[in-house]
Every structure is written in structure tokens, then in C-alpha cells.
Asks: 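Attaching a single structure in C-alpha cells format; questions to follow.
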Amino acid sequence: MGLNLYQKVWNDHLVRQLDTGQYQVFMALHLIHEVTSPQAFGMLKDKSLKVAFPDRTFATVDHIIPTDKQERPLADDMAEKMIQVLSSATKENGIEFFAPKSGAQGIVHVVGPELGLTQPGMTICCGDSHTSTHGAFGCIALGIGTSQVRDVLASQTLVMDPLKVRRINIQGTLALGVTAKDVTLHIIRTLGVNGGVGFAYEYGGSVIDQMSMEERMTVCNMSIEGGARCGYVNPDQTTFDYLKGRERVPAGTDFLAAVERWRSYASDSDADYDDVVDISAEDIKPTVTWGVTPGQAVSIEGCVPDPNDKDGLEKTLINDALTYMKLSANQPIKGIKIDVAFIGSCTNGRLSDFQSVAAVISGKKVAPNVRAIAVPGSEKVDREARELGLHEVFEEAGFEWRLPGCSMCLAMNPDKLVGDEVCASSSNRNFIGRQGSPKGRTILMSPIMVAAAAIEGFVADAREVFDLEGAGV
Amino acid sequence: MSGVAIRKINGRGVYVEGNDIDTDRIIPARYLTCVTFDELGPALFYDVRFDEHGRSKGHVLDSPERAGAEILISDNNFGCGSSREHAPQAIMRFGFKAVIAGSFAEIFHGNCTTLGIPCVVMDDDHRSELSKLVTNDPALDMMIDIEQLQIICGNQVFPITMKESVREAFLDATYDPLDTLLASGDKVNAVAEKLGYL
């Protein structure tokens with residue numbers, strides 16, 4: 001019996017088994033940011049410990065940075081302090097810091113891949129749940145808490161229990177207007193928000209094979225919303241082509257040697273899995289959420305559910321979600337009025353996300369009742385989008401083109417919903433209050449669906465609003 | 001050793017109903033602009049407990065007869081979402097010493113373990129029974145027995161489960177693993193060298 005990628009990467013990075021039965025595992029790459037890491041440096045100081053592998057550690061600023069203006073000091077004193085604490089801690093410990101205006105700052109899960117820090121076969125961790133994004137390259141990529149950030153800073157290792165592996169095959173061809181975001185929302189909707197607990201998800205099949213790296217990142221990004229500890233795609237030629245020539249990737253013959261090594265991590269054809277799930281591409285429609293968890297989602301052709309079809313706690317939860325979202329049972333999802341449109345985040349803030357939207361919104365206008373913002377995931381994405389003139393396409397359509405950051409995904413910076421505003425959002429979480437207002441309402445969807453909602457002023461089907469075929473999306 | 005062994009937890013419980021209670025709800029993001037965790041206790045479940053003017057909504061956590069409760073009980077997939085350790089930090093600093101649920105999101109579970117907060121898994125039927133007992137009698141004491149994997153509440157005994165390795169870590173006081181991890185520096189370096197990371 002062969003091995004799957006998870007087992008191979010695990011075996012390579014295993015340090016030892018502990019007395020408790022848990023394992024100590026080496027982390028090949030540690031990414032840190034201003035929200036969950038400064039406290040860990042404090043814990044290290046308390047114990048007079050040093051950073052063990054500063055060369056395997058990289059820092060940036062993303063959660064709290066404003067996207068309208070980033071002049072220092074920041075207006076929010078505490079946000080400014082958080083950046084300063086991170087900046088001085090990285091300096092003190094010899095850690096490379098991709099500071100704002102360095103040309104390399106951005107959302108940590110956009111920056112790692114685009115610089116080529118993220119490479120196949122690595123164990124990667126970061127004090128952020130969406131670290132699962134890096135799994136797109138064939139990595140075990142784990143979100144961790146601050147005490148674990150401390151552990152990794154001090155020892156470059158984590159205590160882990162091995163996960164089970166679920167292979168998710170997505171076969172067939174995605175229909176026009178169905179994107180990677182719809183694939184991930186469909187998976188979560190099908191398997192449940194806690195369906196992945198105890199598992200690493202291995203995504204495969206013809207749909208994944210045909211996806212670009214940026215699309216694979218979108219899928220792996222939301223593994224965590226499905227309850228999985230991490231998700232990954234086996235490295236292939238698409239992976240190697242993406243990595244070739246990137247700043248932190250070996251060049252020349254070293255690159256060829258690296259490719260051979262990277263290829264060897266891919267799951268063997270006779271690998272064993274703890275579970276296998278098959279999903280047909282034909283069943284996946286443009287998908288949007290109606291409730292307060294990413295699993296409370298429905299096809300754009302569908303309706304909000306009826307709580308009376310369920311019993312007990314499940315019924316209560318649907319009722320609560322509908323009350324919070326101010327929706328009625330059986331109401332069509334299409335047509336729900338929106339106030340804000342947000343395109344960005346570690347899920348959908350990469351160049352291809354903005355390219356696909358720019359291709360369809362050219363010549364159209366955002367509805368007058370909608371505040372629309374487009375937020376590039378990194379300074380590099382911003383630079384490349386500007387070189388292509390995408391920012392002008394967005395601005396002409398009525399979007400604000402912002403500076404890089406996490407922005408309206410998570411309400412830790414000035415980009416927030418107000419009151420009970422409804423936001424069509426390309427981000428990853430529709431939790432109660434997630435976008436900064438305790439009454440704010442989030443509807444998750446793909447970037448082109450956000451664009452369709454922005455243009456119409458209500459949740460709409462991008463396939464009806466745009467000429468997707470003509471635009472080549 | 002990282003701390004003291006955790007074998008038994010005594011205290012009163014409080015039941016916060018709901019599946020999929022996420023860490024944004026446990027601690028809203030605006031409380032994450034901080035460089036220490038010290039002040040997080042009062043912000044626990046803030047937007048569920050208070051309205052926009054800071055007035056109490058009469059949440060069960062604010063009921064005077066629940067003050068000082070040490071065991072938080074909830075339902076399935078507790079702690080899903082963001083990896084923020086601020087969530088278990090707020091739970092701990094509010095005064096809770098253990099959480100009982102039907103299941104836990106894994107990052108949250110890991111964070112709790114490191115902080116010495118046992119995440120105790122209890123099946124739906126037993127948890128529903130225990131929640132009723134607790135809801136009906138705020139003064140009711142219970143004892144979580146990690147060694148015997150049971151909860152004794154009144155004259156009833158409920159079975160619980162925990163990941164065995166985590167249970168071991170509580171019993172032998174290694175749930176905060178830093179010292180253990182630091183004890184194998186040579187082996188860590190050997191792995192790093194083998195993989196070309198040095």
C-alpha cells in the first residue's frame with residue numbers, strides 16, 4: 001500500500017513521539033503577523049528564550065492595517081502599537097519582516113505563495129486559521145493559537161496528533177460561471193461545517209487538476225470552514241510552473257532538483273485514505289450563503305430553507321439564522337437587497353480574482369445604493385493589477401480600489417459594516433458580527449457573484465448579469 | 001513540568017445553547033487589538049450579552065445566580081472559525097476551568113489544551129440531560145473526573161470522552177508542551193538538517 005501526501009510530509013518532519021502518545025513535528029515554515037504573534041514574543045521573553053529558527057520565520061502585517069490610508073502612525077493607537085511590537089520583535093530576533101510599503105506586504109496567505117516561500121512538502125504554520133490556504137502547494141499547513149506560536153518560535157516544532165485523511169474527488173467539468181469559490185462552498189454545504197473534524201482534506205479529481213494555483217488556494221483556504229484541520233492538493237506541473245522564477249524558489253539546476261523532490265511528496269496511486277467522497281462538477285452551481293455559518297448555503301437558483309422541515313436544535317438554529325439575517329423561509333435567495341460589496345481577502349484577493357471581475361464589469365456601474373470596495377491581497381497583487389489597468393476598470397464601475405490588507409473580512413481595521421447592512425462578500429466567514437457590526441449580515445459568494453450583486457444592488461446570478469462567455473471567464 | 005496535573009474539576013455549570021458557536025462570537029474581533037490577553041475576560045460573548053449601548057440583554061452568563069460558574073456547557077462544533085487564542089483566553093479569564101460540548105473545533109481544542117482548560121466531549125443525550133439539571137438548579141455542583149472519564153452531578157454519573165493523548169497530558173502536567181519540546185533540540189536540528197532547512 002502506498003502513502004498519501006499527508007503521511008509522507010508527516011514522516012519526513014517527525015521529530016519524536018512523546019510520552020503522552022502525541023508527536024513532536026518540525027515546522028518548515030512559520031508565518032507570523034501582528035494579531036496573534038506579539039503576545040508570543042512576550043511569553044518568550046518571560047522565559048528568556050530565543051527564536052530557534054529565525055530564518056524559517058517570516059512576518060507581515062495584514063489584519064489591522066487600514067486600506068484607505070496607511071500613513072504612520074496609524075489613527076488607531078493600539079493598531080499602531082501592535083505593528084510596532086511586531087516590528088521591534090522581528091528586528092530583535094533577526095526575522096524578516098515584510099512591512100507596509102516594502103513592496104512585499106500583504107495578507108500572510110497571499111504573500112507566502114507569491115514570494116515562493118510556500119513550497120511543496122513543507123509543514124507550515126501560522127497563527128491564523130486560513131493557513132490551510134498553503135495546502136494548495138502540497139503542504140500540511142496549520143492554523144495555530146498564540147501559545148503554539150510561542151512553541152514554534154522557541155523550538156520550531158509543534159505537538160500534534162496525526163489526522164485522518166479524506167480524499168475528495170471532484171470529477172467532471174465546471175459549468176460556465178461556476179468558480180473555485182463555488183466548489184468550496186458546495187463541499188462545505190455537502191459535508192457540513194464540522195464534517196471535517198479530525199481530518200485533513202485531500203482535494204483531487206479532474207476539476208482540481210484543471211484549476212490554477214490561485215483557484216486551488218481558494219479551495220484549500222476554506223477547508224477550515226468545513227471543519228478540517230487542513231486541506232491540500234497534490235503538487236503537479238501546475239504547481240511547479242507557478243513556483244518557477246519566484247523570488248524565494250531555487251533557480252537553475254537547483255530548481256530541477258527541487259521539482260523532483262516536490263513531485264515525490266504527491267500521494268501514491270495506491271495510497272490509502274480513511275474516507276473518500278466523490279462530488280460531481282455538474283452538481284455545483286454558483287453558491288451563496290443565506291445564514292450565519294458557511295455551510296448554510298444554497299445554489300443561486302434555490303430558496304432559503306424552511307425551519308419547519310427540521311426538528312429540535314436544527315430547527316432552532318435555522319430559525320435563529322433567519323431571524324438574524326432578516327429573511328423568510330422559502331424566500332428565493334436571488335433578489336436579496338445588498339448595501340455593501342466586498343472583493344478581497346485571503347480567499348479571493350489574488351490577481352486572477354480581480355482579472356475575472358474586471359473582464360465582466362467593464363462598462364457597467366455599481367448600483368447607487370451599494371458601497372463597493374476591491375481590496376488587493378498584497379502590494380504585489382496591487383502592483384500587478386495596476387500594471388494591467390484593472391484598478392481603473394474597478395474605479396470606473398464605481399468600486400473603490402483600496403490598499404492591501406484583510407479589510408472587511410474580519411472587522412479588525414476601519415473597514416466594517418454599519419448597523420444591519422448586508423454585504424455580498426468574497427471572504428470566508430458569515431458568522432454573526434463577523435464584518436464588524438453586531439447586526440451586520442454577510443452573504444458569501446464568488447468574486448464574480450459579488451460583482452453581479454454590486455451592479456444589480458441585490459443578490460443576482462452572474463450568469464444572467466454578465467456575458468461570461470464573451471468575457472472569457 | 002509545565003504546570004500542575006489536572007485530574008478533577010469541581011464547580012457549577014452554565015449552559016450556553018447552540019451548535020457551531022464560533023470564536024468571533026466568543027470574542028468579537030475588535031477585542032483582538034491588544035498586545036496581551038489580560039483584559040479579555042469581561043469581553044467574553046460580548047455582543048451576545050450586551051446591546052450596542054452596553055446594556056445587558058439578560059444573557060445566562062450575566063445572571064447573578066450563575067456568577068462564579070466554572071464549567072461552560074455548549075453543543076456541537078464549539079469554537080469553530082478563527083484560530084484566535086483570545087477565545088479560550090477570554091473563557092479562562094472569565095473564570096471557566098473546563099468546557100463541555102458535543103464536539104470541538106480542533107484549533108480551539110488545541111488552544112484550550114495548552115492553557116490547561118480540558119475540552120470534555122459528551123454525547124447529545126447525556127449532555128442534554130446535564131444541561132437541564134444545570135439550567136434548573138444554578139447552585140448544583142458537579143465534578144469532572146478526568147481520570148475516570150465521568151461527570152458526577154447530584155446523584156447521577158455521566159460518561160465523557162477525551163482524546164487519550166490529551167487526557168494523558170492533563171494527568172502528567174505536560175499540557176503546556178514547551179519544556180517537552182525544548183528537551184529535544186538535537187533531534188530537531190537533525191530533522192532540519194536532513195530536510196535542508198538548516
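Keep in mind that the numbers below use all heavy atoms, side chains included, and drop hydrogens, waters and symmetry copies. All figures in this text were calculated on a predicted structure; none of them were measured in a lab.
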Asks: For chain B, find which of A/L313, A/D320, A/N413 contributes the most heavy-atom pairs closer than 4.5 angstrom.
Replies: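 Looking at each option in turn, the highest pair count goes to A/L313.
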Asks: For each of B/V48, B/T113, B/N111, B/N189, tally heavy-atom pairs with chain A at distances under 4.5 Å, and name the one with the top tally.
Replies: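 Of the candidates given, the most pairs with chain A belong to B/N111.
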Asks: Check whether B/A190 gets within reach of chain A through its side chain, its backbone, both or neither, counting any heavy atom under 4.5 Å.
Replies: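 Nothing of B/A190, per the 4.5 Å heavy-atom cut-off to chain A.
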Asks: Measuring heavy-atom distances to chain A, does B/L115 have an atom under 4.5 Å in its side chain, in its backbone, in both, or in neither?
Replies: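 B/L115 touches chain A through side-chain heavy atoms alone.
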Asks: Please classify the contact between B/D124 and chain A as side chain, backbone, both or neither, with a heavy-atom cut-off of under 4.5 Å.
Replies: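 When you check distances to chain A, no heavy atom of B/D124 falls under 4.5 Å.
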Asks: By a 4.5 Å heavy-atom criterion (distance strictly below it), what part of A/M78 contacts chain B: side chain, backbone, both, or neither?
Replies: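 Just its side chain gets close to chain B.
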Asks: Which residue, B/T180, B/V191, B/V188, forms the side chain to side chain contact (heavy atoms under 4.5 Å, CB included) with A/Q24?
Replies: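 So, applying the side chain to side chain contact (heavy atoms under 4.5 Å, CB included) to A/Q24 and each of B/T180, B/V191, B/V188, only B/V188 qualifies.
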Asks: Rounded at 0.5 Å granularity, tell me how far CG in B/D24 sits from CD1 in A/I432.
Replies: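 The distance works out to 10.5 Å.
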Asks: For B/R30, is there an ion pair with A/D76 - N to carboxylate O distance below 4.0 angstrom?
Replies: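 No, no charged N to carboxylate O under 4.0 Å.
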Asks: A/D161 versus chain B, heavy atoms under 4.5 Å apart: side chain, backbone, both or neither?
Replies: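 Answer is side chain: those atoms of A/D161 sit under 4.5 Å from chain B.
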Asks: Given a strict heavy-atom distance threshold of 4.5 Å, which part of A/E225 is in contact with chain B: side chain, backbone, both, or neither?
Replies: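 The answer is neither part of A/E225.
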Asks: Looking at chain A, which one of B/D47, B/L171, B/N77, B/D20 has the largest number of heavy-atom pairs inside 4.5 Å, strictly under?
Replies: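 Greatest number of close heavy-atom pairs with chain A: B/N77.
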Asks: Which atoms form the tightest heavy-atom contact between A/R16 and B/A183, and what is the distance?
Replies: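 So the minimum-distance heavy-atom pair works out to NH2-CB, 4.3 Å.
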Asks: When heavy-atom pairs shorter than 4.5 Å are enumerated against chain B, which of A/G227, A/S155, A/G21 gives the highest number?
Replies: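 The answer is A/S155.
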Asks: If you define the side chain from C-beta out and look only at heavy atoms, does anything of A/R229 sit under 4.5 Å from B/I107?
Replies: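 Yes, at least one pair of side-chain atoms sits under 4.5 Å.
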Asks: Just so I understand: if I count every heavy-atom pair under 4.5 Å between each of A/L317, A/D55, A/L29, A/V292 and chain B, which residue has the most?
Replies: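 The residue among A/L317, A/D55, A/L29, A/V292 with the greatest pair count is A/L317.
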Asks: By a 4.5 Å heavy-atom criterion (distance strictly below it), what part of B/S103 contacts chain A: side chain, backbone, both, or neither?
Replies: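 It is the side chain, since no backbone atom gets that close.
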Asks: Please look at A/V85 and chain B and tell me whether the side chain, the backbone, both or neither of the residue comes under 4.5 angstrom of a heavy atom of that chain.
Replies: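 The answer is the side chain of A/V85.
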Asks: What part of A/R434 gets within 4.5 angstrom of chain B, counting heavy atoms only: side chain, backbone, both, or neither?
Replies: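 When you check distances to chain B, atoms from both the backbone and side chain of A/R434 fall under 4.5 Å.
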Asks: Given that the side chain runs from C-beta out, which part of A/F199 has a heavy atom under 4.5 Å from chain B: side chain, backbone, both or neither?
Replies: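 Interface part for A/F199: backbone (N, CA, C, O).
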Asks: Highest number of heavy-atom pairs under 4.5 Å with chain B: which of A/S37, A/P38, A/G198?
Replies: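 The candidate making the most pairs under 4.5 Å is A/G198.
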Asks: Considering all heavy atoms of both residues, which atom of B/L182 and which atom of A/A154 are nearest to each other, and what is their separation?
Replies: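 That closest heavy-atom pairing would be CD2-O, 3.5 Å.
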Asks: Under 4.5 Å from any heavy atom of chain B, what part of A/M160 do you find: side chain, backbone, both or neither?
Replies: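 Contact with chain B involves no heavy atom of A/M160 at all.
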Asks: Does any backbone or side-chain atom of B/H86 lie under 4.5 Å from a heavy atom of chain A? Answer side chain, backbone, both or neither.
Replies: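 It is the side chain, since no backbone atom gets that close.
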Asks: Identify which part of A/L18 has an atom lying under 4.5 Å from any heavy atom of chain B, answering side chain, backbone, both or neither.
Replies: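 Contact with chain B is through the side chain of A/L18 alone.
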Asks: Report yes if the side chains of B/T33 and A/H63 come closer than 4.5 Å at any heavy-atom pair, otherwise no.
Replies: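 Result no, sub-4.5 Å side-chain heavy-atom pair not found.
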Asks: Would you compute the distance between atom CG of B/D176 and atom OG of A/S147 and round it to the nearest 0.5 angstrom?
Replies: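 Nearest 0.5 Å value for the CG-OG distance: 6.5 Å.
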Asks: Quick check for you: to the nearest 0.5 Å, what is the distance between A/T123 atom OG1 and B/L195 atom CG?
Replies: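 It comes to 8.0 Å.
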Asks: Chain A heavy atoms under 4.5 Å from B/F108: which part of the residue, side chain, backbone, both or neither?
Replies: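 For B/F108, there is no contact with chain A at all, as no heavy atom is under 4.5 Å.
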